[in-house]
Amino acid sequence: MKMDIKRFTDNNTQNLKLECDVPEICKVEPCCLGIDEAGRGPVLGPMVYGISYCPVASNDKLKEIGFADSKTLTEEQREELFTKLEEAEEMIGWTVDILSPHYISTSMLKRAKYNLNAISHDTAIGLIQRSIERGVNLTEVYVDTVGPPEKYQEKLSKIFPNLNITVAKKADSIYPIVSAASICAKVARDRATKSWEFTEGEKIKVPEGGFGSGYPADPQTKKFMVDSIDPVFGFPHFVRISWSTAYSAIEKKCVPVHWDDEDDDEPMKKRPKNTPALTSFFKSVAKQIKAKNHVFFKDRCLKSVQSF
């Protein structure tokens, strides 16, 4: 299967998983799998998690293809490498999970917080599990870390005790299979960003020269955010509004909204005189109420010998 992101373009508020057919050799021979992401830090566009897998015995062939640290490559070079990866479909498999900026924002802004580290971990775990379910004969997994590598590795090893898992910083520059995964993730993000359809209307314009890297400090990114913000509706879905950069801009440049309670639709009426306040019914009684004797007892000069 080719990496056709049209389904994501048609509905870019939803996540989308794309995957190639599992090579038959990967169902038989012991395989290694690499995991990396693209677009974790930017305020614009999706975050994409990618995996690639191949037989452990074929790992050296990845070096021959030229997989290296994808951050050092241009977009054109990444596309060329992904084409080579697709041409090696009898040996290498891949999957990408495209997480929309809308999903990222709504997840992070939930009442029960779902932070980016948790999203990243759960996505990686889901991709490993998906590969196993599809019949990949996994024995080794290499992951570019999110957070402390020791804790992340321990977490994954508990979930997948039968796999030999290695979590490392800058794993895409160390392990070719992670480099291949990084290429898959970055190509998917590049394509999703370039073909983004703005459902908010024609007034959203792409700056000349593009969006830039998507990082808040990038001048092109800044220009897009300044030009695209609406004083009432805020930013388009392309912007991760859970990022502090976007949130601060909304606070400063958008019209403030006051949400009234339902009971505030009518002016509060003044409480009638001598009507006790509602809170008074919840106060503890300080003094004990003394019971009065009936007139029958008073007339006969009778008194209680015990107080009740």
Side-chain angles (χ1 to χ4, degrees), residues 3-18 37-49 75 96-120 122-123 185-267:
M3 187 186 285
D4 182 5
I5 62 168
K6 187 178 184 306
R7 280 190 294 151
F8 180 74
T9 304
D10 291 342
N11 187 0
N12 53 35
T13 62
Q14 301 294 315
N15 300 343
L16 178 65
K17 193 183 275 81
L18 296 172
E37 52 76 24
R40 176 180 168 81
V43 68
L44 302 181
M47 178 171 73
V48 181
Y49 255 79
E75 182 179 337
V96 293
D97 201 347
I98 306 173
L99 308 182
S100 75
H102 177 70
Y103 167 77
I104 294 170
S105 296
T106 53
S107 295
M108 294 179 68
L109 294 174
K110 283 181 178 178
R111 182 172 294 179
K113 300 298 182 184
Y114 188 28
N115 64 40
L116 199 61
N117 277 9
I119 294 172
S120 298
D122 290 346
T123 304
K186 284 182 169 54
V187 166
R189 175 173 158 82
D190 289 341
R191 294 182 182 183
T193 302
K194 287 179 68 174
S195 61
W196 190 271
E197 294 286 341
F198 288 96
T199 58
E200 293 80 11
E202 296 181 356
K203 65 179 182 177
I204 307 295
K205 302 294 183 183
V206 180
E208 187 176 346
F211 305 108
S213 64
Y215 284 90
D218 189 308
Q220 285 293 105
T221 302
K222 285 182 178 179
K223 177 172 174 50
F224 172 76
M225 292 187 69
V226 169
D227 294 343
S228 66
I229 192 169
D230 184 277
V232 175
F233 299 105
F235 286 112
H237 284 139
F238 189 58
V239 179
R240 302 178 192 176
I241 59 172
S242 53
W243 260 233
S244 59
T245 304
Y247 188 83
S248 298
I250 291 172
E251 289 282 300
K252 292 177 182 177
K253 298 185 178 182
C254 292
V255 178
V257 178
H258 174 70
W259 300 98
D260 289 328
D261 292 333
E262 292 181 1
D263 294 340
D264 290 344
D265 291 340
E266 298 180 3

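Quick note: residue numbers are just sequence positions, from 1. Just so it is clear, the values below take in all heavy atoms, side chains as well, and ignore hydrogens, waters and symmetry mates. Keep in mind that what you see is a predicted model, and the values were worked out from it rather than measured.
Side-chain contact check for F238 versus N12: every heavy-atom pair is 4.5 Å or farther apart. Contact check for M225 versus P216: no side-chain heavy atoms found under the 4.5 Å cut-off.
A donor and an acceptor atom, one from each side chain of D218 and S213, are located under 3.5 Å apart.
For Y247, the OH atom counts as loosely surrounded, since its 6.0 Å shell holds 12 or fewer non-hydrogen atoms of other residues, nucleotides or ligands. Summarising the local packing, NZ of K113 is surrounded by more than 12 heavy atoms from other residues, nucleotides or ligands at distances under 6.0 Å.
In terms of modelled atom types and a separation under 3.5 Å, the side chain of T106 and the main chain of Y103 share a donor-acceptor contact. The main-chain N or O of F211 is found under 3.5 Å from a side-chain atom of T221 such that the two form a donor-acceptor pair. Remark: side-chain polar atoms of R240 are not paired, donor with acceptor, to backbone N or O of H102 under 3.5 angstrom. Here the side chain of E197 pairs no donor or acceptor atom with the backbone of D10 at under 3.5 angstrom. A donor-acceptor pair under 3.5 Å is absent between the side-chain atoms of W243 and the main chain of L44, judged by distance alone. Judged by distance alone, the side chain of R191 and the main-chain N or O of K6 form no donor-acceptor pair under 3.5 Å.
One distance of note links CD of E37 with CZ of R189; it measures 9.5 Å at 0.5 Å rounding. T193 OG1 to K186 NZ: the interatomic distance, rounded to the nearest 0.5 Å, is 12.0 Å. L116 CG to L99 CG: the interatomic distance, rounded to the nearest 0.5 Å, is 9.0 Å. Atom CD of residue E200 and atom CG of residue D230 lie 9.5 Å apart, to the nearest 0.5 angstrom. Going from atom CE of M3 over to atom CD1 of I98 covers 7.5 Å, rounded to the nearest 0.5 Å.
Between F8 and W196, the ring planes are perpendicular. Angles over 60° get that label, and only those under 30° would be called parallel.
Counting all heavy atoms, side chain and backbone alike, S242 lies closest to S105 at OG-CA, 3.5 Å. Closest approach of A192 and I5 over heavy atoms only: N-CD1, 3.1 Å. When all heavy atoms of S100 and P46 are compared, the pair lying nearest together is CA-CB, 4.3 Å.
Checked against R40 for a side chain to side chain contact (heavy atoms under 4.5 Å, CB included), the options N117, I119, I104 give a single hit: N117. The only option from N15, T9, T13 that meets the side-chain hydrogen bond (donor to acceptor under 3.5 Å, both in side chains) definition with N11 turns out to be T13.
A salt bridge does not link K194 to D190: none of the charged side-chain nitrogens sits closer than 4.0 Å to a carboxylate oxygen.
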For this session: Before giving the answer on side-chain contact (heavy atoms from CB on, under 4.5 Å), spell out for V187 and V96 the whole-Å C-alpha distance, their side-chain angles and the decisive distance to 0.1 Å.
Result: CA-CA 10 Å; V187 166; V96 293; over 6 Å; no

